[in-house]
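Step one of this worksheet: look at the structure below.
Below, each value reflects all heavy atoms present in this structure, side chains not excepted, and no hydrogens, waters or symmetry copies. One-based numbering along the sequence shown.
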Amino acid sequence: MADPVVLFDVDGTLVDTNYLHTVSWRRAFLDAGADVPAWRIHRMIGASSSVLIDELLGDGVDDNGTDVDPSKIKDTWRSHYESLVPEIKAFPGAADLLRAVAAEGGKVVLATSSPGDLVEHNIDALGIDRDLLAAVTTA
């Protein structure tokens with residue numbers, strides 16, 4: 001029998017990043033001239049950036065009727081998020097859980113809708129040896 005594979009979501013499951021993503025998206029929308037409420041953004045965390053932007057600004061108009069250029073939002077989100085990277089923290093016990101799965105013969109796989117280079121910050125926050133991971137899948 002093959003070793004079991006255990007797939008873990010990263011953002012909001014292993015590392016406490018949901019609010020960092022929400023704040024970054026909120027700031028990016030404001031920079032683009034869109035006043036999208038944080039609660040609406042928070043509901044969409046975990047969706048791809050294109051789905052999030054389309055859902056929150058699909059017709060190019062925010063909740064207040066303001067016209068917005070959605071093409072600027074993703075890049076601005078990234079710069080805001082990168083400024084918050086030092087605040088990324090693992091949830092208590094997350095690294096221990098991954099180590100326990102590996103110690104029992106399970107293959108640990110991480111999955112995230114975040115860009116590949118940003119997942120490295122999450123792995124750093126977990127404080128685990130990268131050899132523990134069988135694979136990582138990203139946006």
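Taking CG of Leu126 as the start and CG of Leu98 as the end, the distance is 6.0 Å to the nearest 0.5 Å. Between the CD1 atom in Ile123 and the CG atom in Leu118 there is a gap of 11.5 Å [rounded to 0.5 Å].
Across all their heavy atoms, Pro115 and Thr138 have their closest contact at C-CB, 4.3 Å. Nearest heavy atoms, Leu57 versus Ala34: CD1-CB, 4.3 Å. The two residues Leu84 and Leu20 come nearest to each other via the heavy atoms CD1-O, 3.7 Å.
For the side chain to side chain donor-acceptor pair (under 3.5 Å) criterion with Thr112, the lone passing option out of Thr13, Asp11, Thr17 is Asp11. Remark: of the listed residues Trp77, Trp39, Tyr81, Trp77 is the sole one forming a ring pair (Phe, Tyr, Trp, His ring centres under 6.0 Å) with Trp25.
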* Asked: Going through the checks in order, is the side chain to side chain contact (heavy atoms under 4.5 Å, CB included) test met by Leu97 and Phe8?
  -> CA-CA 10 Å; Leu97 174 62; Phe8 291 93; 3.5 Å; yes
* Chi angles and distances behind the salt bridge (Lys or Arg N to Asp or Glu O under 4.0 Å) call for Asp35, Arg26 -> CA-CA 8 Å; Asp35 188 8; Arg26 169 86 171 131; 2.7 Å; yes
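Partners of Tyr19 according to the ring-ring contact (aromatic ring centres under 6.0 Å, His included) rule, which considers only residues two or more places apart in sequence or in another chain, are His42. Shown here are the salt bridge (Lys or Arg N to Asp or Glu O under 4.0 Å) partners of Glu82, two or more places apart in sequence or in another chain: Arg78.
Counting heavy atoms from C-beta outward, Thr76 and Arg27 have side chains that stay 4.5 Å or more apart. Within the 4.5 Å cutoff, side-chain heavy atoms of Leu133 are placed close to those of Val108. In this structure, the side chains of Pro4 and Glu104 stay at 4.5 Å or more apart for every pair of heavy atoms.
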